[in-house]
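So the structure is just underneath, and the comments pick up after that.
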Amino acid sequence: MNQKRVSRRVSRIEISATKEMPILADRIGGCVSLGQGIPSFATPPHIIEAVCAALRDDPRAGKYSLQTGMPELRSAIASHLLAAKAVERDPEKEILVTVGGMEALLAAILTVVERGDEVLLPSPTYASHIEQVLLAEGVPVFVPLRKEDWGLDVDAMERAITPGTRAIVVCNPSNPTGAVFADREMRAMGDLARRHGLVIISDETYDALVFDGPPPVSLESVAGMKEHVITVGSFSKKYALTGWRVGWLTASPVWMEQIMKVHDASAICAPTPAQIAALAALRGPSSCVEEMRQALRRRRDLCCERLDALGDAFSYVRPGGAFYVMPRYHFSIAPSRQVALDILHGARVITVPGSNYGAQGEGHLRLSFGGDEDEINQAFDRIGSWLKS
Ligand SMILES: Cc1ncc(COP(=O)(O)O)c(C=O)c1O
């Protein structure tokens with residue numbers, strides 16, 4: 001027997017290039033990053049204080065919480081969902097606190113997707129959605145976004161549906177394109193899911209980071225949609241809590257009872273100190289979120305100006321949310337992985353190859369403007385010099 005045999009499930013998946021590039025960069029040294037989606041901001045002080053005080057004064061702070069999460073936190077999430085998204089969910093039966101949005105996504109996908117089920121992924125799409133569908137032994141079906149604005153093409157989605165289609169995983173605002181899908185299109189996609197009996201797994205990790213208009217509709221708030229949608233949220237990007245690993249999931253009780261089994265088998269509960277941080281985030285002043293959003297909007301503008309200044313090297317759709325832009329490059333016909341490696345070695349700038357996000361991402365790079373303005377300027381200075389060399 002080959003003791004090194006790896007399961008089919010795991011051998012089918014890959015570590016995303018988002019995480020691979022920084023590892024390569026570390027070996028090169030002296031690189032600046034337009035790569036991974038980490039906002040540069042420090043965790044707000046009132047959140048740190050709340051966690052320190054709890055760790056000092058409350059012995060429960062270092063112990064497991066209830067599996068579903070601290071009751072006060074679930075209630076606070078329910079109030080937040082109602083106020084911010086007009087979503088009504090019962091904190092007892094329909095809200096789960098998870099180890100980041102990532103665990104929530106995996107638990108949802110493992111619960112919904114059976115071996116061989118087809119899952120529609122608007123493409124380009126978040127790389128981990130692809131890997132998680134593969135891990136569940138599902139079949140990712142890439143439905144191209146509209147090229148001119150990275151918008152949802154609901155007609156193309158309908159054409160992609162077969163008797164084997166089970167679910168749609170959608171991320172709005174979108175990583176990797178930074179697009180904010182129109183409410184009209186989201187509702188049309190919801191209607192499509194209802195008509196064809198599909199489950200929508202709605203990744204709302206970037207819900208607070210919208211620059212040019214109101215936040216997008218949450219499909220759970222649409223009449224008749226609640227049963228068809230499992231929503232995933234995160235504290236990571238909104239409150240600069242990426243390292244704390246805390247997120248949430250909402251679903252109807254029939255789904256939640258099943259999802260809980262996966263959560264129990266994989267995580268037991270989200271880290272209690274991180275849950276205390278999340279509670280402080282929700283109860284504390286929202287000005288920190290607004291300040292970070294404004295800073296990211298300025299960085300978005302800077303990133304677009306710097307792309308414009310590179311002339312016809314790149315073309316791009318101006319992002320309306322999250323902190324990514326996904327330009328097409330015109331200075332090379334090489335695959336995006338090669339171009340990202342060339343930029344890494346030649347300019348010492350980390351970018352992520354578009355192919356990481358499905359076939360429709362090929363020919364593009366994903367750039368994150370989560371870093372501060374100095375880092376963005378330095379990265380573009382270096383890319384500019386490299387292009388001229
Ligand atoms: C679209 C999307 N979903 C989910 C996640 C996971 O976030 P978390 O840190 O909450 O696990 C990320 C992180 O980059 C993301 O970009």
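Numbering of ligands and ligand atoms starts at 1, following listing order.
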Determine all donor-acceptor pairs shorter than 3.5 Å in which one atom belongs to a side chain in residues 163-170; sequence neighbours excluded.
| unit_1 | atom_1 | unit_2 | atom_2 | d |
| --- | --- | --- | --- | --- |
| T165 | OG1 | T162 | N | 2.8 |
| T165 | OG1 | T162 | O | 3.1 |
| R166 | NE | V112 | O | 3.3 |

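Interatomic distance, I230 CD1 to L219 CG, rounded to the nearest 0.5 Å: 13.0 Å.
If you look at W150 and H364, their ring centroids are closer than 6.0 Å.
With a 6.0 Å radius and a threshold of 12 heavy atoms from other residues, nucleotides or ligands, R5 has its CZ atom at or below the threshold. Annotation for E290: atom CD counts as buried by contact number, over 12 foreign heavy atoms lying within 6.0 Å.
The immediate protein surroundings of ligand 1, defined as residues with any heavy atom under 4.0 Å of it, consist of G100, G101, M102, L105, Y126, C171, N175, D203, T205, Y206, S234, S236, K237, R245.
The shortest non-hydrogen separation linking E118 to V141 is CB-CG2, 3.8 Å.
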